[in-house]
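Atoms within a ligand are numbered from 1 in the order they appear, just like the ligands themselves.
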Amino acid sequence: MSELHALFGGTFDPIHFGHLRPVEALAQQTGLQKVTLLPNNVPPHRPQPEASADQRVDMLRCAIADLPLFDIDTRELKRDTPSWTVATLESLRAERGAQQPLGFIIGQDSLLSLSKWHRWQDLLSLCHLLVCQRPGYPTQMASPEMQRWLDQHVTHDVQRLHLQPAGHIWLAETPLVDISATEIRRRRHHHQSCDDLLPAAVIDYIDRAGLYRD
Ligand code: ATP
């Protein structure tokens, strides 16, 4: 059996400690050895990230330079279609084979809006969902149907994540880190400090590139 490998998708405009700290704790709890960051492609008709795709990847590289847990996969940026997680997981599944345990990491806010994702019902046939807590978001799903779906799939047995290729939801007990990329961009535009919100190497990059300034 291959070991559990997790993917973590996001816009990362920019990456911050609200991404890194909960995922590091999740990895410790579940015995994850590798987390692949998947920066997403934002289609032209949607509000664009302030940083370019190359800059978002550069910031990921700065953030993980000393963190061997992480690597980066830029496949979503190479497509000109929206980043449908289900399509990305299908391409990874095709590469890795049916037996490879795959986890897809999301924050609690993403879990709450999961029913808006393209083909969300197919996700658990492709991966486990590994959910990090996020302050300010309810722990209950918005509808009784979604709550039932969640209850049916939640596991408290970490071994299942390693022994089965997909199909379970793990609600991790991760630190509550009250940081968003939106708040970082807002602070930068107001010339306020972001020192405790993201790695120093990423702040240096942002300064050098003149990002998130009017
Ligand atoms: P923005 O403020 O621009 O919407 P964001 O800070 O929410 O961005 P994203 O890149 O959109 O960051 O998030 C990628 C993933 O990380 C999502 O699954 C989201 O739920 C999760 N995430 C982001 N911030 C946190 C946080 N502080 N705690 C837990 N999960 C988070």
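Applying the salt bridge (charged side-chain N to carboxylate O under 4.0 Å, His left out) rule to pairs touching residues 9-32 yields D13-R185, sequence neighbours excluded.
The contact shell of ligand 1, taken as protein residues with any non-hydrogen atom closer than 4.0 angstrom, comprises F8, G9, G10, T11, F12, H16, G18, H19, I106, G107, D109, S110, Q133, R134, V177, I179, S180, A181, T182, R185.
The aromatic rings of W117 and F104 sit perpendicular to each other, their planes meeting at more than 60°, with 30° as the lower class boundary.
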Going through the distances and angles, do W120 and W149 end up as a ring pair (Phe, Tyr, Trp, His ring centres under 6.0 Å)?
-> CA-CA 12 Å; W120 69 272; W149 172 82; 5.1 Å; yes
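Here the closest heavy-atom approach between residue K34 and residue F70 is recorded as NZ-O, 4.1 Å. Listed here is the closest heavy atom pair of I184 and C194: O-SG, 3.8 Å.
Checked against the 6.0 Å centroid threshold, H19 and F12 count as a close aromatic pair.
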